[in-house]
Protein chains: 2
Amino acid sequence: MLQYQEPLDLAFQALSDPTRRRMVERLSRGPASVSELAEPLPMSMSAVVQHLKILEAAGVVRSEKVGRVRTCRVEPAALSAAERWINERRRSVERSLDRLAVFLDETKPEEEKTK
Amino acid sequence: MLQYQEPLDLAFQALSDPTRRRMVERLSRGPASVSELAEPLPMSMSAVVQHLKILEAAGVVRSEKVGRVRTCRVEPAALSAAERWINERRRSVERSLDRLAVFLDETKPEEEKTK
DNA sequence: CTGATACTGAAGCATTCACTTAAGTATCAA
DNA sequence: TTGATACTTAAGTGAATGCTTCAGTATCAG
């Protein structure tokens with residue numbers, strides 16, 4: 001279908017793969033080359049580069065090449081966006097649950113209040 | 001390959017689909033039936049149920065059936081886990097960047113310090 | 001009992017995904 | 001210049017994903 005993907009879609013999709021999260025984990029401890037990223041992973045470097053492209057397209061990782069070495073680092077802003085999305089939903093749910101608790105408490109027979 | 005998926009994998013995968021995030025968004029505003037969930041979505045109810053199963057398997061949504069109506073709600077705990085993962089990586093990156101900034105500042109010629 | 005409602009499950013299908021291998025292209029070191 | 005290093009790209013493959021349709025089942029309302 002080939003349609004436009006908004007940033008949040010790309011970020012969540014990028015993070016949905018365990019290998020890519022391992023790469024982000026590694027990069028969150030500091031910049032690394034593609035080889036360094038690939039070293040602990042049980043797959044070809046080619047596959048790692050493909051994952052890297054997805055992370056970059058999502059804005060989660062940024063990289064620059066100097067000589068023959070490409071150095072990668074995490075871009076915190078893209079992570080923030082995903083984090084915020086989850087946080088907002090979670091807080092919304094928790095607020096609902098609080099209101100429910102208050103409601104249940106207020107509807108309780110008087111003598112049972114303030115457990 | 002069919003291998004064990006740990007909770008975080010399932011949660012991130014569940015959230016990687018835009019339709020499922022819309023469902024979570026809707027449910028974060030309060031519980032809903034399957035029909036209510038399906039109503040704004042441009043697909044069959046069958047498809048919605050399939051998405052629902054993925055969200056439930058990931059622990060993001062919980063549901064119970066009373067009579068012929070299944071009522072769904074968000075389980076905040078699973079959201080927390082994903083949120084925490086992102087938060088920890090992001091903070092790690094930001095700490096690294098801070099240390100870098102301090103380093104660069106300390107290595108700067110004296111007269112340029114404290115911009 | 002009868003029809004409408006609210007799902008539920010199975011099968012099929014096109015597309016996307018996560019790889020692989022193989023054949024590149026730069027860059028660096030000696 | 002020659003070889004090794006560090007990617008890079010293209011093509012192919014099998015499995016997973018996101019749907020569809022169709023044929024159920026269970027519940028409720030009259």
Side-chain angles (χ1 to χ4, degrees), chain A residues 1-6 8-27 30-58 60-73, chain B residues 1-27 30-73:
Chain A
M1 219 180 260
L2 277 180
Q3 58 188 51
Y4 167 74
Q5 300 256 77
E6 57 174 316
L8 212 57
D9 284 356
L10 292 172
F12 272 112
Q13 260 236 44
L15 295 177
S16 72
D17 182 81
T19 298
R20 287 194 290 268
R21 282 204 309 284
R22 282 191 65 186
M23 290 169 69
V24 170
E25 237 159 72
R26 166 65 190 81
L27 291 176
S33 69
V34 178
S35 309
E36 282 166 350
L37 270 181
E39 194 269 324
L41 299 173
M43 62 186 70
S44 70
M45 183 151 86
S46 187
V48 172
V49 171
Q50 289 171 54
H51 281 303
L52 190 59
K53 276 179 185 161
I54 292 169
L55 287 167
E56 290 210 56
V60 173
V61 166
R62 191 165 37 89
S63 77
E64 52 181 342
K65 197 163 184 175
V66 176
R68 49 185 175 170
V69 177
R70 176 171 297 279
T71 302
C72 315
R73 63 197 76 242
Chain B
M1 223 180 256
L2 276 180
Q3 57 188 51
Y4 167 74
Q5 301 256 76
E6 56 174 318
L8 212 56
D9 285 355
L10 293 171
F12 273 111
Q13 259 235 41
L15 294 177
S16 72
D17 183 83
T19 300
R20 288 194 289 269
R21 281 204 310 284
R22 281 191 67 185
M23 290 168 69
V24 169
E25 237 158 72
R26 167 63 190 82
L27 290 176
S33 69
V34 178
S35 308
E36 283 166 348
L37 270 181
E39 195 268 326
L41 300 173
M43 62 186 71
S44 70
M45 183 150 86
S46 190
V48 172
V49 171
Q50 290 172 53
H51 281 303
L52 190 58
K53 277 179 185 162
I54 291 170
L55 287 167
E56 290 210 54
V60 173
V61 165
R62 192 164 37 89
S63 76
E64 52 181 341
K65 197 163 183 175
V66 176
R68 49 184 174 169
V69 177
R70 176 171 297 278
T71 303
C72 315
R73 63 197 75 241

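In the text below, chain A, chain B and the rest are named by the order of the sequence lines, each starting its count at 1.
- Going from atom CD of B:Glu56 over to atom P of C:dT8 covers 9 Å, rounded to whole Å.
- Comparing atom distances between the A:Met43 side chain and each of D:dT20, C:dC19, D:dT8 picks out C:dC19 as nearest.
- When distances run from any side-chain atom of B:Gln13 to the nucleotides D:dC7, C:dC19, D:dT17, the shortest one goes to D:dT17.
- Here the closest non-hydrogen pair linking A:Arg26 and A:Ala32 is NH2-CB, 3.5 Å.
- In this structure, B:Glu36 reaches neither bases nor backbone, as no heavy-atom distance under 4.0 Å exists between it and the strands shown.
- Remark: P of C:dA6 and CD of B:Glu64 are 18 Å apart, rounded to the nearest angstrom.
- Within the 4.0 angstrom heavy-atom criterion, base atoms lie near A:Ser44.
- Rounded to a whole Å, the CZ atom of A:Arg70 is 14 Å from the P atom of C:dA26.
- Checking A:Pro42 against A:Val66, the closest nucleotide of DNA chain C that is more toward the 5' end is the one next to A:Pro42.
- Distance CZ/A:Arg62 to CG/A:Leu27: 11.0 Å, rounded to 0.5 Å.
- A:His51 has no side-chain polar atom (N or O) that falls below the 4.0 Å cut-off from OP1 or OP2 of C:dC17.
- Rounded to an integer number of Å, the gap from A:Leu37 CG to D:dT8 C1' is 16 Å.
- As judged by a 4.0 angstrom heavy-atom cut-off over every strand, B:Ser46 is placed among the base-contacting residues.
- With hydrogens and angles left out, the side chain of A:Gln50 and the base of D:dT8 share no donor-acceptor pair within 3.5 Å.
- Out of C:dA10, D:dA6, C:dT20, the shortest distance to the side chain of A:Met45 is found at D:dA6.
- What separates CD1 of B:Ile54 from C1' of D:dA16 is a distance of 10 Å, to the nearest Å.
- In this structure, A:Asp17 places its CG atom 11 Å from P of C:dC17, rounding to the nearest Å.
- Once rounded to the nearest 0.5 Å, the distance linking CG of A:Leu37 with CE of A:Met23 reads 4.5 Å.
- In this structure, B:Ser33 reaches the sugar-phosphate backbone alone: every heavy-atom distance under 4.0 Å involves primed, P, OP1 or OP2 atoms, never a base.
- Taking only side-chain nitrogens and oxygens, B:Lys65 never comes nearer than 4.0 Å to OP1 or OP2 of D:dA26.
- Among A:Lys53, A:Glu56, A:Arg73, the single residue meeting the side-chain hydrogen bond (donor to acceptor under 3.5 Å, both in side chains) criterion with A:Ser63 is A:Glu56.
- Between A:His51 and A:Leu41 there is no side-chain heavy-atom pair separated by less than 4.5 Å.
- Here the C1' atom of nucleotide C:dA18 and the CZ atom of A:Arg22 are 15 Å apart, to the nearest Å.
- Mapped onto DNA chain D by nearest heavy atom, A:Leu52 and A:Arg68 fall at different nucleotides, with A:Arg68 at the one closer to the 5' end.
- Rounded to an integer number of Å, the gap from A:Leu55 CG to C:dA18 C1' is 13 Å.
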